[in-house]
Amino acid sequence: MNLVTTVIAITSALAIILAIVSFWLPQMTPDHEKLSPYECGFDPLGSARLPFSLRFFLVAILFLLFDLEIALLLPLPWGDQLASPLLTFLWASAVLALLTLGLIYEWLQGGLEWAE
C-alpha cells in the first residue's frame, strides 16, 4: 500500500470512529439552561438594556489588541531572510514600544484596576 493511501485511510477511519463515538458518548439530559436559546447567563426574554461593566469591555479590547500584536509579530523570525532585516526589526520594535507605552498609560490612569 502506498504511504499516502495509508495515511488517508487511517485519518478517515479515525474521523469516522470519532464521529460515531460522539453520538453515543454524551449524556442526553436536557435541562432548562440547555434548552434555552442563549447560554450566556442573560435572560433572553428580559430587557435588552442591561447595565454592562465597562471594565469587562476594556479588558476585552486589551486582549484583542495584544492578540493582534502577537499575530503581527509571528512572522518576525523569518524577517532575517529579507533584504533589510534591520528595518524589519526596527518596525517590530516600534510596534512593541507603542503597545508598551499604551499599556503603561492605561496602568497609570487606573484602567486596569478592578476595585476603586
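From a predicted model like this one, the values you see are computed outputs, not experimental measurements.
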**Student:** Checking side chain to side chain contact (heavy atoms under 4.5 Å, CB included) against Val4, which of Thr6, Val7, Ile8 comes through?
**Tutor:**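 Running side chain to side chain contact (heavy atoms under 4.5 Å, CB included) over Thr6, Val7, Ile8 with Val4 returns exactly one hit, Ile8.
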
**Student:** Same cluster or not: are Leu76 and Leu99 linked, directly or through other Ile, Leu, Val, Met, Phe, Trp or Tyr residues, by side-chain heavy atoms under 4.5 angstrom apart?
**Tutor:** no

**Student:** In the single-linkage hydrophobic clustering (I, L, V, M, F, W, Y; side-chain heavy atoms under 4.5 Å), do Tyr105 and Leu62 co-cluster?
**Tutor:** no

**Student:** Determine yes or no for a side-chain-to-main-chain donor-acceptor pair under 3.5 angstrom, with Ser22 supplying the side chain and Ala19 the backbone.
**Tutor:**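 Indeed, once roles are kept as given, a pair shorter than 3.5 Å links the two residues.
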
**Student:** Calculate, to the nearest 0.5 Å, the distance between atoms CD1 and CG belonging to Ile70 and Leu74 respectively.
**Tutor:**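 The distance works out to 7.5 Å.
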
**Student:** Given the rule that I, L, V, M, F, W and Y join up when any side-chain heavy atoms are under 4.5 Å apart, are Leu98 and Leu73 in one cluster?
**Tutor:**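 Leu98 does not cluster with Leu73.
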
**Student:** With a 4.5 Å heavy-atom cut-off, do Thr100 and Ile104 have their side chains touching?
**Tutor:**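 With C-beta onward as the side chain, the pair touches.
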
**Student:** Within this structure, what is the CG-CG distance for the pair Leu103 and Leu96, rounded to the nearest 0.5 Å?
**Tutor:**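 Separation between the atoms: 12.0 Å.
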
**Student:** Going hydrophobic residue to hydrophobic residue with side-chain gaps under 4.5 angstrom, can you get from Val95 over to Phe66?
**Tutor:** yes

**Student:** Just to verify, what does Leu90 make a side chain to side chain contact (heavy atoms under 4.5 Å, CB included) with, not counting sequence neighbours?
**Tutor:**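 If we apply the side chain to side chain contact (heavy atoms under 4.5 Å, CB included) test to Leu90, skipping adjacent residues, the hits are Leu86.
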
**Student:** Heavy-atom count check: over 12 atoms from other residues, nucleotides or ligands less than 6.0 Å from Phe89 CZ?
**Tutor:** no

